[in-house]
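Everything below concerns the one structure shown next.
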Amino acid sequence: MRIVVKVGTSTLAYPTGCPDIRHMEILVKTLSDLKNAGHEIVLVSSGAIGMGVGRLSLKGRPEDMPTKQAAASVGQCELMYMYDKLFGEYNHIVGQILLTGDDFTNENRKNNFENTILRLIEFGAIPVVNENDTIATDEISVGENDTLAALVACSVDADLLILLSDIDGLYTKDPHKYSDAKLIPLVMELTPEIQELAEGEGSGLGTGGMITKLHAAEIAMRHGFDMVIANGARPRRLYNIVEGESVGTRFLGREKKPGKETAL
């Protein structure tokens with residue numbers, strides 16, 4: 001299978017912004033093993049701004065654009081250094097791709113990006129994709145990496161999209177607030193009732209939440225591939241997800257239709 005895995009900031013970094021080395025090592029080891037098994041892996045990774053916050057010893061996620069971009073510049077170096085080092089231990093090569101909204105809406109740039117990422121996959125490398133936070137502004141940003149991951153999955157004609165987050169999946173209520181909240185294991189259609197379940201704004205260092213994940217699910221289901229939301233604190237569960245077992249919440253993709261739907 002061709003699998004796109006998106007990992008959130010909460011999985012990669014502590015609230016301080018310093019890298020969560022234990023989680024990153026387990027994640028990389030699992031992805032490397034899945035690749036050894038014959039799967040093609042594309043990693044969409046958040047964490048640049050979060051790790052920049054830690055590296056620059058900032059008090060929290062910055063609010064103004066210049067500081068965000070400065071933190072992203074520093075954090076992206078840290079992020080790719082760790083991925084290169086960790087994947088290299090398992091003899092896998094990584095290639096960095098930084099994108100903005102223009103890379104999906106401008107036909108020439110979109111073609112260039114798709115040609116590059118497909119060639120990296122052809123060479124056996126693992127593309128590591130992130131939004132180019134050092135230059136992205138409100139006018140040209142995708143906005144968050146859940147949507148970015150879904151668009152990337154469409155662009156590479158993926159078989160499966162996995163969003164690793166700080167929550168086990170989609171619940172009937174916010175599990176952080178209600179003890180009687182129940183996990184929804186399978187979603188076959190994004191009904192208004194399902195849409196209403198999206199609450200919360202994500203972790204303190206990240207930008208996502210359940211609303212963005214349901215938007216990603218809408219893109220995935222429309223394009224015809226499954227999407228799974230699972231807890232990034234247990235990266236080894238990727239094995240179970242790839243084998244089709246019930247982990248987190250799986251959104252079933254509709255039958256594929258000709259053409260790619262990657263418009264924002």
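In this chain, numbering begins with 1 at the start of the sequence shown.
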Q: Might you work through the side-chain contact (heavy atoms from CB on, under 4.5 Å) test for L27 and L86, ending with a clear yes or no?
A: CA-CA 10 Å; L27 172 68; L86 293 173; over 6 Å; no

Q | Y90 and L31: CA distance, side-chain angles, deciding distance, side-chain contact (heavy atoms from CB on, under 4.5 Å) verdict | A | CA-CA 10 Å; Y90 300 102; L31 292 175; over 6 Å; no

Q) Do the side chains of F251 and L161 get nearer than 4.5 Å, heavy atoms only? A) no

(Q) Minimum heavy-atom separation for L183 and L170, please, with both atom names. (A) CD1-O, 3.6 Å

Q) CG/L186 to CZ/R250 distance, rounded to the nearest 0.5 angstrom? A) 8.5 Å

Q.
Just verifying a value: how many Å separate R61 CZ and K68 NZ, rounded to the nearest 0.5 Å?
A. 5.5 Å

Q.
Grouping I, L, V, M, F, W and Y whenever their side-chain heavy atoms are under 4.5 Å apart, do F113 and L98 come out in a common cluster?
A. no

Q) What about Y81 and Y83, same hydrophobic cluster or not, with Ile/Leu/Val/Met/Phe/Trp/Tyr joined at side-chain heavy-atom distances under 4.5 Å? A) yes

Q: Measure the spacing between CZ of R237 and OG1 of T30 and express it to the nearest 0.5 Å.
A: 12.5 Å

(Q) Is there a path of hydrophobic side-chain contacts, each under 4.5 Å between heavy atoms of I/L/V/M/F/W/Y residues, joining Y171 to L214? (A) yes

Q. More than 12 heavy atoms of other residues, nucleotides or ligands under 6.0 Å from CD of E122: is that the case?
A. yes

Q: State whether the number of non-hydrogen atoms from other residues, nucleotides or ligands found under 6.0 Å of N91 atom CG is greater than 12.
A: no

Q) N130 side chain to S45 main-chain N or O, any donor-acceptor pair under 3.5 Å? A) yes

Q: Find out whether D159 and I3 are in side-chain contact, i.e. whether some heavy atom of one side chain is under 4.5 Å from a heavy atom of the other.
A: no

Q) Parallel under 30°, tilted from 30 to 60°, perpendicular over 60°: which one fits the rings of F225 and H223? A) perpendicular

Q. Under the side-chain contact (heavy atoms from CB on, under 4.5 Å) criterion, do T172 and I184 qualify, and how do the steps go?
A. CA-CA 7 Å; T172 54; I184 301 173; 4.1 Å; yes

Q. So, for I21 and M82, which heavy atoms are closest and what is the spacing to 0.1 Å?
A. CG1-CE, 4.1 Å

Q) What's the spacing between I97 CD1 and L43 CG if we round to 0.5 Å? A) 11.5 Å

(Q) Minimum heavy-atom separation for T100 and R109, please, with both atom names. (A) OG1-NH2, 3.9 Å

Q: Check L163, T249, L160, V5 against V228 for a side-chain contact (heavy atoms from CB on, under 4.5 Å) and give me the one that passes.
A: L160

Q. A149 and K6: which non-hydrogen atoms are nearest, and at how many Å?
A. CB-CB, 3.7 Å

Q. Could you give all pairs that pass the salt bridge (charged side-chain N to carboxylate O under 4.0 Å, His left out) test and reach residues 23-52, with sequence neighbours left out?
A. R2-E40

**Q.** T67 versus P62, closest heavy-atom pair with distance
**A.** CG2-CB, 3.4 Å

Q) Counting heavy atoms not belonging to M1, are there more than 12 under 6.0 Å from its CE? A) yes

Q. Same hydrophobic cluster for F87 and L34, using side-chain heavy-atom links shorter than 4.5 Å among ILVMFWY?
A. yes

Q. Does a donor on one side chain sit under 3.5 Å from an acceptor on the other, for H215 and T147?
A. yes

Q) Quick one: CD1 on I229 to CD1 on I162, what's the gap to the nearest 0.5 Å? A) 12.0 Å

Q: Over all heavy atoms of both residues, which pair between P19 and M51 is shortest? Give the atoms and the distance, please.
A: CB-CE, 3.7 Å

Q) Any donor-acceptor pair under 3.5 Å linking the side chain of S73 with the backbone of Q69? A) no

Q.
Please report the interatomic distance CG(D103) to OG1(T116), rounded to the nearest 0.5 Å.
A. 10.0 Å

Q) When you look at OH of Y239, are more than 12 heavy atoms from neighbouring residues, nucleotides or ligands closer to it than 6.0 Å? A) yes

(Q) Applying side-chain contact (heavy atoms from CB on, under 4.5 Å) to L151 and L99, what does each step give before you reach the verdict? (A) CA-CA 11 Å; L151 294 175; L99 302 172; over 6 Å; no

Q) T9 side chain to S46 main-chain N or O, any donor-acceptor pair under 3.5 Å? A) no

Q.
Given 3.5 Å as the limit, does a donor-acceptor pair link the side chain of D168 with the main chain of N231, or not?
A. no

Q) Looking only at atom types and distance, does a side-chain atom of H23 sit under 3.5 Å from a main-chain N or O of L12, one as donor and one as acceptor? A) no

Q: Spell out, as yes or no, whether a donor-acceptor pair under 3.5 Å connects the side chain of N111 to the backbone of N108.
A: no

Q) Should L79 and I26 be regarded as members of a common hydrophobic cluster, given that ILVMFWY residues are connected when their side-chain heavy atoms come within less than 4.5 Å of each other, either directly or indirectly? A) no

Q. Would you say R234 has more than 12 foreign heavy atoms packed within less than 6.0 Å of its CZ?
A. yes

